[in-house]
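Notes to accompany the following structure.
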Amino acid sequence: KETYLMLAECFEANVKDQLEKIKEYKGEFLIDKYMKLYVNYKTEAKVVAQCCRYMHRFWVPNMQNAGESVLQDDDKVREIHPLALVKWRKYCYGGFKDQLCHAALNLIDTER
């Protein structure tokens, strides 16, 4: 349980660090930087998930079957890679959703 919580905290801290890197960007540069950071983050999450194969095989299914909630801000135990993506969505995408949509729409308008 402690390892899972520690991984969740590490993912959260990493996402918040990534968030600091894109705060200053606007428009097309924001989309470009966001996508590069997201692709790198997904790759990092896959590597961590591969390192945690034991947890995937034994601990996570047992906790899911028991219906135990380990994280306060989450409703269920997830595998490591989806956990990382949920943290990204919550902290990084959630804070920049409006700016990213606005930048994407402006980019589409300039292409027309």
Side-chain angles (χ1 to χ4, degrees):
K1 182 175 180 178
E2 290 82 20
T3 305
Y4 186 82
L5 291 172
M6 205 164 62
L7 278 171
E9 289 173 7
C10 287
F11 283 130
E12 187 175 319
N14 188 3
V15 169
K16 288 179 180 178
D17 288 343
Q18 301 296 329
L19 181 65
E20 291 299 318
K21 293 179 183 177
I22 63 172
K23 277 187 176 180
E24 60 199 43
Y25 293 98
K26 300 276 187 226
E28 188 176 342
F29 295 112
L30 173 65
I31 294 172
D32 185 49
K33 188 70 171 175
Y34 178 86
M35 289 306 300
K36 286 178 184 175
L37 289 175
Y38 180 67
V39 169
N40 289 341
Y41 182 79
K42 276 182 29 177
T43 304
E44 293 168 6
K46 284 182 184 178
V47 170
V48 171
Q50 290 297 321
C51 293
C52 298
R53 283 189 211 156
Y54 174 82
M55 193 180 295
H56 280 285
R57 274 190 234 140
F58 301 106
W59 189 81
V60 171
N62 287 340
M63 291 298 112
Q64 288 174 335
N65 291 338
E68 185 170 332
S69 178
V70 177
L71 301 173
Q72 290 91 16
D73 64 340
D74 215 338
D75 58 348
K76 61 183 176 179
V77 174
R78 301 176 192 279
E79 290 186 2
I80 303 303
H81 189 251
L83 171 68
L85 297 179
V86 166
K87 294 295 182 182
W88 180 273
R89 182 185 67 207
K90 181 177 180 181
Y91 293 104
C92 198
Y93 176 73
F96 278 92
K97 181 172 46 175
D98 294 335
Q99 290 176 335
L100 287 167
C101 288
H102 184 68
L105 291 174
N106 284 343
L107 189 59
I108 290 170
D109 285 341
T110 58
E111 290 296 318
R112 288 183 186 176

Next on the checklist: As a quick check of understanding, evaluate side chain to side chain donor-acceptor pair (under 3.5 Å) for Asp98 and His102, giving each step before the final call.
Outcome noted: CA-CA 6 Å; Asp98 294 335; His102 184 68; over 6 Å; no
Item to check | salt bridge (Lys or Arg N to Asp or Glu O under 4.0 Å) between Lys16 and Glu20, intermediate numbers included | outcome: CA-CA 6 Å; Lys16 288 179 180 178; Glu20 291 299 318; over 6 Å; no
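In this structure, Lys42 and Trp88 have side chains that are not in contact, with every pair of non-hydrogen atoms separated by 4.5 Å or more. Val15 is not listed as a side-chain neighbour of Glu12, based on a closest heavy-atom distance of 4.5 Å or more. Within the 4.5 Å cutoff, the side chain of Asp32 has no heavy atoms near those of the Glu28 side chain. Inter-residue side-chain proximity for Leu85 and Tyr38 is flagged as met; some heavy-atom pair is nearer than 4.5 Å.
Although no hydrogens or angles enter the test, the distance criterion places no donor-acceptor pair under 3.5 Å between the side chain of Tyr41 and the main chain of Asn14.
Closest heavy-atom contact between Ile22 and Leu30: O-CD1, 3.7 Å. What you find for Ala103 and Gly27 is that their closest heavy atoms are CB-O, 3.4 Å.
Distance check, rounded to the nearest 0.5 Å: NZ of Lys33 to CD of Gln18 gives 8.5 Å.
Asp17 and Lys21 are not joined by a salt bridge, as no carboxylate oxygen comes within less than 4.0 angstrom of a charged side-chain nitrogen.
Taking a 6.0 Å sphere around CD of Glu44, one finds it holds more than 12 heavy atoms contributed by other residues, nucleotides or ligands.
Under the 4.5 Å side-chain heavy-atom criterion for ILVMFWY residues, no single connected hydrophobic cluster contains both Val47 and Phe11.
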